[in-house]
> 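My questions all concern the structure below.
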Amino acid sequence: MQAGQGWIYEDVEQDAVAVSAGYRWQAGPWTQVGVELSGGRLDETTDGGWRYPKATYKAVGANARMNFGESPWFMMVRGGYFDAEQDIPGGGDFSTDGGYAGLAVGVDLNRHFNITLGYTGFVYADEYYDSDCDDDYTYDCDFNRADTVTLGVEARF
């Protein structure tokens, strides 16, 4: 479980929560690699009199955890595919998909629990003027990103 802040729109903070589940395999004395499923949301907010809608996402990807030797401190990297949706004020929906990558640092509290501080960046393409990002007119396609910074708690068994 993670909670923190997210940014879809420049300089507009939205409360963010996410949950992940997965499995990691031992890949060396201090390294584990695994798969993950996750989902989350960035809550609706207002800024400067403008309303910014809630966004929800789901993702599938891979991760790797590397311990710093015998220390309880570790780092994690993650990446994969995501799908997101937003209800636009005044009607309409916006949905998109793309890739994500993240980096976190954490500490093991004991064998079954840890705390992490992480950053995840989501990159996606927008289609403009009813064009498809896959057609020959790529100038109608713009790449954007959203970011989250979260504090997380992991339970392992």
> Which atom pair, heavy atoms only, marks the closest approach of Thr96 to Ala125?
OG1-O, 3.5 Å

> Would you please test Asp15 and Thr45 for side-chain contact (heavy atoms from CB on, under 4.5 Å) and show each step?
CA-CA 8 Å; Asp15 291 337; Thr45 192; over 6 Å; no

> Applying the 4.5 Å side-chain criterion to the ILVMFWY set and letting contacts propagate, would Val105 and Trp30 be lumped into a single cluster?
no

> In the structure I gave you, are the side-chain heavy atoms of Trp7 and Val149 within less than 4.5 Å of one another anywhere?
yes

> Take Tyr52 and Asp47 through the side chain to side chain donor-acceptor pair (under 3.5 Å) test and state the conclusion after the steps.
CA-CA 8 Å; Tyr52 296 91; Asp47 185 62; 4.8 Å; no

> Of all heavy-atom pairs between Thr116 and Phe74, which one has the smallest distance, and what is that distance?
CG2-CZ, 3.6 Å

> I'd like to know if Val12 and Ile8 are part of one continuous hydrophobic network [Ile/Leu/Val/Met/Phe/Trp/Tyr, side-chain heavy atoms within less than 4.5 Å].
yes

> Evaluate Gln2 against Ser38 for side-chain contact (heavy atoms from CB on, under 4.5 Å), listing each step before the verdict.
CA-CA 11 Å; Gln2 302 106 36; Ser38 59; over 6 Å; no

> To check you understand the geometry: which heavy-atom pair defines the closest contact between Ala16 and Thr148, and what is its length?
CB-CG2, 4.4 Å

> Calculate, to the nearest 0.5 Å, the distance between atoms CG and CD belonging to Asn114 and Glu154 respectively.
4.5 Å

> Donor-acceptor pair, distance only, cut-off 3.5 Å: does the side chain of His112 make one with the backbone of Arg156?
yes

> Looking at side-chain heavy atoms only, is the closest gap between Val123 and Asn144 below 4.5 Å?
no

> In the single-linkage hydrophobic clustering (I, L, V, M, F, W, Y; side-chain heavy atoms under 4.5 Å), do Val153 and Val19 co-cluster?
no

> Without hydrogens or angle criteria, can the side chains of Arg65 and Thr31 be said to hold a donor-acceptor pair below 3.5 Å?
no

> Considering the options Phe82, Tyr100, Phe122, which one meets the ring pair (Phe, Tyr, Trp, His ring centres under 6.0 Å) requirement together with Tyr57?
Phe122

> Indicate whether any N or O donor in one side chain lies under 3.5 Å from an N or O acceptor in the other, for Tyr81 and Asp97.
yes

> Please indicate whether Arg24 has more than 12 foreign heavy atoms, meaning atoms of other residues, nucleotides or ligands, lying under 6.0 Å from its CZ.
yes

> Would the number of heavy atoms belonging to other residues, nucleotides or ligands and lying under 6.0 Å from OH of Tyr9 be above 12?
yes

> Any side-chain heavy-atom pair from Leu103 and Val77 closer than 4.5 angstrom?
yes

> Less than 6.0 Å separating the ring centroids of Tyr23 and Trp25?
yes

> Give the cluster check for Met66 versus Val33: same hydrophobic cluster or not, with ILVMFWY residues linked at side-chain heavy-atom distances below 4.5 Å.
no

> Scan side-chain atoms only and decide if Asp43 and Gln14 contain a donor-acceptor pair under the 3.5 Å cut-off.
no

> For residues Asp93 and Gln86, is any side-chain donor paired with an opposing acceptor at under 3.5 Å?
no

> Give a yes or no answer on whether the side chain of Thr150 reaches the backbone of Gly152 with a donor-acceptor pair at less than 3.5 Å.
no

> Under 3.5 Å, side chain of Asn67 to main-chain N/O of Gly69, donor-acceptor pair present?
no

> So, for Met1 and Ala18, which heavy atoms are closest and what is the spacing to 0.1 Å?
SD-O, 3.4 Å

> Within a reach of under 6.0 Å around CZ of Arg145, are more than 12 heavy atoms found that belong to other residues, nucleotides or ligands?
no

